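First comes the structure, then the notes that go with it.
What you see is a predicted model; the values in this text were computed from it and never measured.
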Amino acid sequence: MAKNKDLTRRENSAVSAALDDPLNSFGEAANQIPSKVPVARIEYLATDQTKQDHPEWQRGKFSINIGEQLDHLEACILGIKYSRMLWPPFDPDDKNPEPLCKSDNGLWPTGGLESPKTSTTHKFDAENHPVCVAFMADGQPSRNATGKFIPVCPYAMFGQNREAPTCKEVFTIALFEHQLNIPVLFTVKSTGIKHLSDMRMALINFEREFKGKREHPITLYAKLIIKSIPVKNWFEPHFEIAGKFGKTELEMNLEAYNEIQPNLQKYSTDDISFDGPEDA
């Protein structure tokens with residue numbers, strides 16, 4: 001029993017430490033540190049600057065912030081990061097809106113955030129901290145029967161008539177893109193999230209049908225094709241498994257996995273979100 005209590009104390013200490021932003025004392029300068037991993041997004045040509053810098057880019061294709069644009073992404077999954085973002089009401093005249101609140105892990109507001117919107121707190125190491133989801137007495141986040149976190153912040157909860165939460169879930173997928181042979185971060189949110197369940201089932205089926213010896217995560221073997229599908233006035237990402245990577249490609253995937261995956265959870269929402277709230 002003493003061992004379990006000691007483990008709980010260590011877990012709570014780790015949670016409490018994670019609530020503090022180690023670069024918070026650097027102020028706005030810390031936000032200017034760029035991501036080392038290129039970011040891909042579905043292009044909306046939403047700003048005049050984009051149209052000026054890349055007149056050849058087309059709406060609905062995949063833009064990568066190293067100046068490249070692709071019809072689709074051909075990649076393996078290196079890892080997935082979960083977060084949340086609360087945007088202000090959409091204003092077409094505001095080309096660079098700032099989020100009202102955000103969480104880098106979907107569990108509590110980002111460390112250093114001056115005015116988190118949630119009024120719900122949980123006690124970690126005898127101190128109350130604002131949280132986005134429910135926590136158990138041992139400091140672990142609560143989950144429902146399907147494994148999803150249980151939100152307690154009203155902005156993260158569905159309304160009485162099943163209105164969607166205003167604080168949106170964000171899934172950032174680290175990929176190794178094989179047309180350019182580079183790692184990229186691709187963010188899925190809003191209406192695009194429903195397609196992630198199809199991707200998950202496709203990976204489950206791929207693993208069931210996998211033949212041969214497997215020494216690495218199944219996602220490194222699966223050749224994932226991501227396409228942009230037009231829906232009304234927006235686009236949604238569509239995922240499909242198009243076969244198995246060969247030996248050379250697998251080696252590239254493994255090298256990228258060893259480099260990117262351990263650091264994925266350290267990226268902040270400033271690193272991974274450069275698309276606007278109007279994007280699907």
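Taking Ile, Leu, Val, Met, Phe, Trp and Tyr as members and joining any whose side-chain heavy atoms lie under 4.5 Å apart, directly or through other members, the hydrophobic cluster of Ile204 also contains Met201. Residue Met157 belongs to no hydrophobic cluster, having no ILVMFWY side-chain heavy atom closer than 4.5 Å to its own. The hydrophobic cluster around Tyr155 extends to Leu86, Leu100, counting ILVMFWY residues whose side-chain heavy atoms fall within less than 4.5 Å of a member.
With hydrophobic clusters built from ILVMFWY side chains whose heavy atoms lie under 4.5 angstrom apart, Phe62 does not share a cluster with Ile229. Linking ILVMFWY side-chain heavy atoms closer than 4.5 Å, directly or via other members, places Leu196 and Val231 in a single hydrophobic cluster. Hydrophobic clustering (ILVMFWY, side-chain heavy atoms < 4.5 Å, transitive): Ile66 and Leu73 are in one cluster.
Under the side-chain contact (heavy atoms from CB on, under 4.5 Å) criterion, Asn233 pairs with no residue at all, not counting sequence neighbours. With sequence neighbours excluded, the residues satisfying side-chain contact (heavy atoms from CB on, under 4.5 Å) with Arg162 are Phe158. Not counting sequence neighbours, the partners of Lys148 by the salt bridge (charged side-chain N to carboxylate O under 4.0 Å, His left out) test are Glu169. Every residue two or more places apart in sequence or in another chain that forms a side-chain contact (heavy atoms from CB on, under 4.5 Å) with Glu251 is listed here: Lys247. Considering only residues two or more places apart in sequence or on other chains, Lys232 meets the side-chain contact (heavy atoms from CB on, under 4.5 Å) condition with Trp234. Taking Phe149 as the reference, Tyr82 meet the ring pair (Phe, Tyr, Trp, His ring centres under 6.0 Å) condition, with sequence neighbours excluded.
Residues Ile173 and Leu78 are not in side-chain contact: their nearest non-hydrogen atoms beyond the backbone lie 4.5 Å or more apart. Side-chain contact between Glu43 and Arg59 is absent, with no heavy atoms from C-beta onward closer than 4.5 Å.
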> Yes or no on side chain to side chain donor-acceptor pair (under 3.5 Å) for Asn105 and Ser103, after CA distance, side-chain angles and deciding distance?
Replying inline: CA-CA 5 Å; Asn105 59 10; Ser103 170; 3.2 Å; yes

> Given Val170 and Ile193, is the side-chain contact (heavy atoms from CB on, under 4.5 Å) satisfied, shown in steps?
Replying inline: CA-CA 8 Å; Val170 178; Ile193 291 178; over 6 Å; no

List, one per line, each side-chain donor-acceptor pair under 3.5 Å for residues 50-57, sequence neighbours excluded.
from	atom 1	to	atom 2	distance (Å)
Thr50	OG1	Thr47	OG1	2.8
Asp53	OD1	Gln49	NE2	3.0
Asp53	OD2	Gln49	NE2	3.1

Using residues 213-220 as the side-chain source, report each donor-acceptor pair under 3.5 Å to any protein atom, sequence neighbours left out, with the distance given to one decimal.
from	atom 1	to	atom 2	distance (Å)
Lys213	NZ	Glu215	OE2	3.2
Arg214	NH1	His216	O	3.0
Arg214	NH2	Glu207	OE2	2.7
Thr219	OG1	Ile77	O	2.9

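Within 6.0 Å of the NZ atom in Lys227, the count of heavy atoms belonging to other residues, nucleotides or ligands does not exceed 12.
Between the side chain of Lys81 and the backbone N or O of Asp104 there is at least one donor-acceptor pair closer than 3.5 Å.
For the pair Lys244 and Phe210, the cation sits on the ring face: its NZ or CZ lies under 6.0 Å from the ring centre, inside 45° of the axis.
Applying the ring-ring contact (aromatic ring centres under 6.0 Å, His included) rule to pairs touching residues 236-255 yields His178-Phe245, sequence neighbours excluded.
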